[in-house]
Amino acid sequence: MAPKPYIFLIIALLFIFLPLTTSIHFKLPAIFNFGDSNSDTGELVAAGVYSLEPPYGRSYFTKPSGRYCDGRLIIDFLLEAMDLPFLNAYLDSIGRTSFRTGCNFAAAGSTIEPPTARAVSPFSFRVQVAQFIRFKLQVLRLIAKGKKLHKYLPDEDYFQNGLYMFDIGQNDLAGAFYSKTFDQILALIPLILTEFETGIKTLYDQGARNFWVHNTGPLGCLAQNVAKFGTDPSSLDELGCVSKHNQAAKVFNLQLHTLCKKLQGRYADSNFTYVDIYTIKWNLIANYSKFGFEQPIMVCCGYGGPPLNYDSRIGCGKTEVLNGTTMTAKACSDSSEYVNWDGIHYSEAANQYVSSQILTGKYSDPPFSDKMPFLLGLKF
């Protein structure tokens, strides 16, 4: 059996952090995150739009946590590295929820463009930005009344000194393939990014200065897309991924990277960091066994068996009647052997690997350096 992926993570982190254990200091008072299911820590579930049952959450939280994963997401690992607590979802106000170190507006199924009538999530990027504005106004109003809620809310200067993270756009592209031609999808990308640019400007006007932008991953390697669009072997690439989906993702990422550079030039008093998630995930899928995984595309929690173990009619943990027979989509015994958890989302083990690669700084533009004081304070 191949070594477990956490072994490689430990080795990677040793190389990353040991030489600088006394010289690296994260100085981020708060994180404000915008996105889709890749970074949703409970928004869509809190809204009552969708429910998650076991085995979601089993690998870390021991129960469903609102995350579309068996455990932690990339954003959870990044916050751990920054020595910050996990982000609570904006709509999760049950009990003594703390937003002291930030807030998460990401919601599963969200798009950059306004949602269509068939959209899974009503919380498009524009709506998430509007939620942030309301959140900020409410926070400033409450802290102006006194210190009673101080330990639950960010200080006013946190809104300017905090980090604004973005991981969104995957659903715009993936959803478009159901109704548009490839050329139409490519023509749509500039419109999607114009909407994203508008949201960034709004946040900048609200005082945001530190922006952290993830590009989108290889959509064609998700079992959901392989099952729907990869039935013709000629549509697949050398890894068994749907070629057109990955081509669209590359075009989107190229234009997103260009936009980040343009925004950095326009807002000279800000920091824009573009993170190449696509390359990290592609390398993982292409070299999965090297990193301790046994299945790069087949789903851990699904139904149907090899080669994909994915059936769109029955989601992970759900029980449905198929052809007169009651069936349940169950999880594999060891999710750390799988890159993909449920056909759309990565496993905690895969998220852990991706996070370790992000933290090397090699996949960012600009790479981590003393020119990025909002993230790392290097003293050497």
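What's counted below: heavy atoms across the whole structure, side chains too, no hydrogens, waters or symmetry copies. In this text the structure is predicted, and so the values were computed from the model without any measurement.
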Please set out all donor-acceptor pairs under 3.5 angstrom arising from side-chain atoms of residues 295-309, sequence neighbours excluded.
residue: Asn309; atom: OD1; partner: Gly304; partner atom: N; Å: 3.4
residue: Asn309; atom: OD1; partner: Gly305; partner atom: N; Å: 2.9
residue: Asn309; atom: ND2; partner: Val299; partner atom: O; Å: 3.0

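A ring-centre distance under 6.0 Å is not found for Phe32 and Phe166. Taking the centre of each ring, Phe135 and Phe99 come in below the 6.0 Å mark.
Think of Phe86 as one node in a network of Ile, Leu, Val, Met, Phe, Trp and Tyr side chains linked at under 4.5 Å; its network also takes in Tyr60, Phe61.
The ring pair (Phe, Tyr, Trp, His ring centres under 6.0 Å) analysis of residues 252-271, with sequence neighbours excluded, yields the pairs Tyr204-Tyr267, His257-Tyr274. Residue pairs meeting the salt bridge (charged side-chain N to carboxylate O under 4.0 Å, His left out) criterion with at least one partner in residues 202-229, sequence neighbours excluded, are Lys201-Asp205, Arg209-Asp269. Applying the disulfide bond (SG atoms under 2.5 Å apart) test to pairs two or more places apart or on separate chains, those with a residue in residues 230-284 are Cys221-Cys241. Residue pairs meeting the side-chain hydrogen bond (donor to acceptor under 3.5 Å, both in side chains) criterion with at least one member in residues 320-329, sequence neighbours excluded, are Thr319-Thr328.
Under a 4.0 Å N-O distance rule, the pair Glu197/Arg266 qualifies as a salt bridge.
Using bins of under 30°, 30° to 60° and over 60° for the plane-to-plane angle, the ring pair Tyr164/Phe132 lands in the perpendicular bin. The aromatic rings of Phe105 and Phe34 sit parallel to each other, their planes meeting at less than 30°, with 60° as the upper class boundary.
Looking only at atom types and distance, the side chain of Ser347 has no donor-acceptor partner in the side chain of Ser335 under 3.5 Å away. Side chains of Ser234 and Asp232: a donor-acceptor N/O pair is present below 3.5 angstrom, by distance only.
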